[in-house]
Every structure is written in C-alpha cells, then in structure tokens.
2 protein chains.
Amino acid sequence: MKLSTRGEYGLRAMFDLAQHYGEGPIPIKSVAERQDISEHYLEQLIAVLRKAGLVKSIRGAQGGYVLSREPEEITVGDIIRVLEGPIAPVECLNTAEGESCERAETCVTRGIWEKVRDSISDVLDSFTLADMVAKANQMRQDSKYYMYYI
Amino acid sequence: MKLSTRGEYGLRAMFDLAQHYGEGPIPIKSVAERQDISEHYLEQLIAVLRKAGLVKSIRGAQGGYVLSREPEEITVGDIIRVLEGPIAPVECLNTAEGESCERAETCVTRGIWEKVRDSISDVLDSFTLADMVAKANQMRQDSKYYMYYI
DNA sequence: ATTATTACCTAGAAAACTAGTGGGGATTGG
DNA sequence: CCAATCCCCACTAGTTTTCTAGGTAATAAT
C-alpha cells in the first residue's frame, strides 16, 4: 500500500515552488538541489504537472517554473492524482459502475475499496500548498524558540 | 496509488472462507475456483495468512483451511496488513519518528502522509469478515426481491 | 496397504513498473 | 553570440508482481 516516489517527489517540488511563490520563475535545478531529487528525473515529473496545468514554465535564461494558480488553490490531491493516476486501491474501481466486474453481486469487497478511496481523497483534498507553507513557517518559528531554550 | 492484487485476492479468499465458516475445512481449490484466482498463486498468499495466524490448515484428504478466529474478530485491516505490509503511503513513515528522514524540519509532507495512513487504517479496521458476509447476504436478498418485480 | 486428495515448499519466468541516465534540441535574457 | 534554462525521446538496471513448474508430505477413504 504505497505511493511511488513520483507523488512524493512531485509534492515536495510543488511545495518548494509554493515556498518561493511570488519570487518569479524558479529553475528546476534549484528545486532539485533543495529537495535532494535527481534533477533529470524531476524534470520529467514536472513536465507532467505542466501538461496538467498545475505549473507554468518560462523558457530561456532566468526562466523556470511558477505555480499556475495561487498556493491556496492547489490541493495535495490535485498533485497526487496527476502524478499517480486516479486514486483506486484496486483496479475494478477504475471501470464504470457495474461494468466489467463480474461477480459484482458477490463483490462486497468493492464497497470497501470505495470507502478507502474516498477517505484518501478527502484527506488529500483537505490540504493546500498554502497550508503546507504555513505549517513549515510555523515549524521554523517553533524551532527558533527551541534554540533559545538551549 | 494502488494495492497489489495480493491484498485483493487475499481478502476475497478470506471472505470466501468466512461465507463457509462452520462447514469444516474448505480446500483452496474450491476457493480459487469460486473467486477466479490462480490456485497455485492463491496457495502462496494463504501460506502467508497461515503464518500470520489468520487461518488454520488441515492436511490430507478432506482437508483445507478454516479461519482461526470468528469472522467477527477478523478485520479487513488484519488481512491487508499481512499481505501488503505496513500501510505506509511513503517510505519514511516506516522509519522511527524523527530518525533517518533528514530535512525533517522542512518535511511537512510527512504529516500529510501520516493522516492518509491513519484514514486508510481506520476504514480497513472498521470492517470485519462478518460484516462482509452480512452485506453479501443482504445483497442476495435484495436481488431476489428485484427478480419478483420483473 | 494403496490411492486419491489435500496441504506445503522451492525455484524460477514473464511482464510490468520504478527510478533513473544519456544525449541531445529549442528558447531567451544578458 | 552564449550561457542558462526548458523540452523531448530513448534506453537501462533493478525491483516487484503475478503466476507456473515440479515436486514432497500428510491423511482420509477404500
């Protein structure tokens, strides 16, 4: 029961772009370095995000990527669904209702997978990039105070 | 974002055993046929379930498998965790808190994966095999009535 | 005792997927 | 022009998944 690193890396990259939102285009190289991800691999992931309309690219020197919407308007679910495909714990959830899944009558399991899927979706859709940035800032603040105590 | 078929097949097989609970040992062959799963492959899955103590085996002719606890006392989560390993959408959740995950401070994403994991766990742990059998019986009942209407 | 039926075990093989790498081309600011 | 940057296609090594092959061991029925 695992995501591939695609979703993980992609989310970290998008979070990085959100942290630098408003600073103009951010080159992929700097994102890859900060997030410790293979630059070339990340390039492929961000291409998918671009085709899905979540980021815009600016080519040429001083180019890079920017979020195409406000961080408040991009949820974690948006990103994960693009990179990992539809959230479907088992294959039969990707087929239209009642179709192709024989033994549908006995297929009580399907109902369970639907509930799993929905609960994952709910969690993923409940966080925006802006939430993540806020949380990171708060953590930085906390650790600053922590330093004082030592 | 997908389970492998191991969890899916294993759950279907356990559900099948639950439907025949009380009828003595059920041979794997009949389970595989009813559930349309490769017999030999299912054998390997059920071996894992046996080692985990979820089913008991009776060898020899007229042998087979039986649930080692009441259907009320086996949850879907029990089965999935055995077959799919710990529920951890990303690898870093498998490591002890704060350890090994560098950039932990920036690692706001971890908190999100924790929430995803917990919500999956909650759903999986909220269903027992007995619930599934009851649901299947109810569906059968419904479709009987449906027949009358036609 | 023999036989048929069952569980149990090990070793793989084919296919799919993951996480990259390699090597270039196209665009644009300075 | 040229360096920085995005963009694209192909390939690969490794892993995982799903399944097959080919047995051995135990036991109930005869």
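Numbered from 1 within each chain, the chains take letters A, B, ... in sequence-line order. The structure displayed is predicted, hence computed values, not measured ones.
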Distance, rounded to the nearest Å, where [X] contributes [atom1] and [N] contributes [atom2]:
X	N	atom1	atom2	value
B:Y41	D:dT18	OH	C1'	5 Å
B:E39	D:dG22	CD	P	16 Å
B:I28	C:dC8	CD1	C1'	11 Å
A:E33	D:dA4	CD	C1'	14 Å
A:L49	D:dC7	CG	P	12 Å
A:K29	D:dA3	NZ	P	14 Å
A:I37	C:dT18	CD1	C1'	15 Å
A:K51	D:dC6	NZ	C1'	12 Å

Exercise for review: Using the test side-chain hydrogen bond (donor to acceptor under 3.5 Å, both in side chains), find all partners of B:S57 that sit at least two apart in sequence or belong to another chain.
Suggested key: none
Atom pair [atom1]/[atom2] of [X] and [Y] - distance to nearest 0.5 Å:
X	Y	atom1	atom2	answer
A:I79	A:L49	CD1	CG	7.0 Å
B:T109	B:I112	OG1	CD1	7.0 Å
A:W113	B:L124	CH2	CG	6.5 Å

So, is [X] near the phosphate of [N], with a side-chain N or O under 4.0 Å from OP1 or OP2?
X	N	result
B:S4	D:dT18	yes
B:S57	C:dC8	yes
B:R59	C:dA4	no
A:R50	D:dC7	yes
A:Y9	C:dG20	yes
B:S38	D:dT20	yes

Practice item. May I ask you to say what A:I46 touches in the nucleic acid, namely base, sugar-phosphate or nothing, with a heavy-atom cut-off under 4.0 Å? Key: nothing
**Study point:** Check: A:L83 main-chain N/O paired with A:R6 side-chain donor or acceptor under 3.5 Å
**Key:** yes
Review point. Any N or O donor-acceptor pair linking the side chain of B:Q44 to the base of C:dC9 at under 3.5 Å?
Key: no
Practice item. Identify, between B:G63 and B:H40, the residue whose nearest nucleotide on DNA chain C lies closer to the 5' end. Key: B:G63
